[in-house]
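The structure appears right after this line, and notes come after that.
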Amino acid sequence: MARLPKLAVFDLDYTLWPFWVDTHVDPPFHKSSDGTVRDRRGQDVRLYPEVPEVLKRLQSLGVPGAAASRYFVHREIYPGSKITHFERLQQKTGIPFSQMIFFDDERRNIVDVSKLGVTCIHIQNGMNLQTLSQGLETFAKAQTGPLRSSLEESPFEA
């Protein structure tokens with residue numbers, strides 16, 4: 001079996017859900033009895049359709065996740081550089097950067113974080129199972145050769 005990352009890190013806005021949480025929805029959020037999450041104004045708050053399955057797949061593979069959600073083991077959520085987020089995650093977990101994979105929709109974050117040695121995957125249309133599979137393949141290849149981000153290869157559209 002291909003080598004797996006020891007930590008999968010997700011950006012949230014436009015990676016796991018199709019909005020900016022600080023401008024498009026209005027906390028606090030409430031979960032209704034049917035499982036629907038709504039903001040203070042009653043607007044539905046939804047993930048991209050395949051995100052729950054992506055998170056379940058990672059969990060079944062034994063790969064912990066990092067971000068702000070009950071699915072994630074580690075949380076680094078605040079304004080600022082993604083470099084700082086990763087440095088703190090590395091300090092907290094002891095996991096080397098080379099054993100992490102990062103999914104984000106912003107190219108500048110992909111470029112910055114890849115300099116740490118993290119395998120970075122650029123998300124263009126929300127996180128899905130195909131992107132996860134391609135990301136895990138990129139990670140496995142990086143373990144046997146020079147580390148690269150998905151921007152240095154031919155970027156795929158998710």
Side-chain angles (χ1 to χ4, degrees), residues 1-21 25 29 31 35-37 44-78 81-158:
M1 180 173 184
R3 293 201 48 191
L4 294 171
K6 293 187 177 168
L7 185 65
V9 183
F10 294 91
D11 174 58
L12 299 173
D13 297 345
Y14 286 99
T15 299
L16 296 186
W17 48 61
F19 53 83
W20 286 298
V21 78
V25 292
F29 304 112
K31 188 173 182 178
T36 303
V37 176
D44 286 357
V45 177
R46 295 188 176 159
L47 300 169
Y48 283 110
E50 293 186 15
V51 166
E53 188 58 37
V54 165
L55 299 175
K56 288 176 190 171
R57 177 83 47 93
L58 283 170
Q59 184 178 32
S60 74
L61 293 170
V63 179
S69 172
R70 64 187 171 93
Y71 284 98
F72 300 111
V73 176
H74 304 285
R75 298 170 186 91
E76 287 296 322
I77 307 300
Y78 45 82
S81 168
K82 294 288 183 183
I83 298 293
T84 304
H85 293 126
F86 275 83
E87 288 170 344
R88 290 185 181 167
L89 281 168
Q90 197 282 322
Q91 289 169 359
K92 287 179 179 179
T93 65
I95 296 172
F97 294 128
S98 65
Q99 295 301 306
M100 296 181 188
I101 189 168
F102 178 49
F103 298 91
D104 196 323
D105 67 307
E106 292 189 44
R107 287 183 180 268
R108 66 187 168 117
N109 293 333
I110 296 295
V111 170
D112 289 348
V113 173
S114 67
K115 292 175 185 172
L116 295 173
V118 174
T119 299
C120 296
I121 308 300
H122 184 237
I123 303 300
Q124 296 180 352
N125 295 304
M127 191 67 200
N128 59 46
L129 290 166
Q130 179 181 356
T131 303
L132 176 63
S133 294
Q134 290 171 326
L136 293 176
E137 287 175 22
T138 300
F139 176 85
K141 288 177 187 174
Q143 301 307 299
T144 59
L147 291 174
R148 302 179 304 198
S149 76
S150 67
L151 289 178
E152 294 167 356
E153 299 172 344
S154 55
F156 56 88
E157 298 221 7

### Atom pair CD1 (Ile123) and CG (Asn109), whose distance is rounded to the nearest 0.5 Å
12.5 Å

### Query
To the nearest 0.5 Å, how far apart are CG in Leu4 and CD in Gln99?
10.0 Å

### Query
Thr93 versus Lys6: any side-chain heavy-atom pair under 4.5 Å?
no

#### Entry: Backbone of Asp105 reached by a side-chain donor or acceptor of His122 within 3.5 Å
yes

### Message
Are Met100 and Phe139 packed together at the side-chain level, in the sense that at least one heavy-atom pair is separated by less than 4.5 angstrom?
### Response
no

#### Entry: Arg108 and Lys82, any side-chain heavy atoms less than 4.5 Å apart
no

### Query
Do the side chains of Asp104 and Val113 get nearer than 4.5 Å, heavy atoms only?
no

#### Entry: Aromatic plane relationship, Phe10 with Phe103 - under 30° parallel, 30 to 60° tilted, over 60° perpendicular
parallel

### Summary
CG of Leu132 to CD1 of Ile101, rounded to nearest 0.5 Å, is 7.5 Å

### Message
I need the minimum non-hydrogen distance between Pro49 and Pro52, along with the two atoms involved.
### Response
O-CD, 3.6 Å

## Note on the structure
Nearest heavy-atom approach of Ala140 to Arg3 is CB-O, 3.9 Å

### Task
For the residue pair Gln59 and Leu55, establish whether any side-chain heavy-atom pair is separated by less than 4.5 Å.
no

### Query
For Glu50, what residues pass the side-chain contact (heavy atoms from CB on, under 4.5 Å) criterion, not counting sequence neighbours?
Asn128, Leu129

### Message
With rounding to the nearest 0.5 angstrom, report the CD to CG distance, Glu53 to Leu58.
### Response
10.5 Å

### Message
Within this structure, what is the CD1-CZ distance for the pair Ile121 and Phe102, rounded to the nearest 0.5 Å?
### Response
11.0 Å

#### Entry: Nearest atoms (heavy-atom pairs only) where Ser114 meets Cys120
N-SG, 3.4 Å

### Query
Quick one: does Thr131's side chain have a donor or acceptor within less than 3.5 Å of a partner on Met127's backbone?
no

### Task
Give the minimum heavy-atom separation between Leu136 and Pro5, together with the two atoms involved.
CD2-CD, 3.6 Å

### Task
Give a yes or no on whether the backbone of Leu12 and the side-chain of Thr15 come within a donor-acceptor separation of less than 3.5 Å.
no

### Task
Please name the pair of heavy atoms, one in Pro18 and one in Arg46, separated by the smallest distance, quoted to 0.1 Å.
CD-O, 3.2 Å

## Note on the structure
Rounded to the nearest 0.5 angstrom, the CD1-CG distance for Ile95 and Leu7 is 4.5 Å

### Task
Quick one: closest heavy-atom pair of Thr119 and Ala142, and the distance?
OG1-CB, 3.8 Å

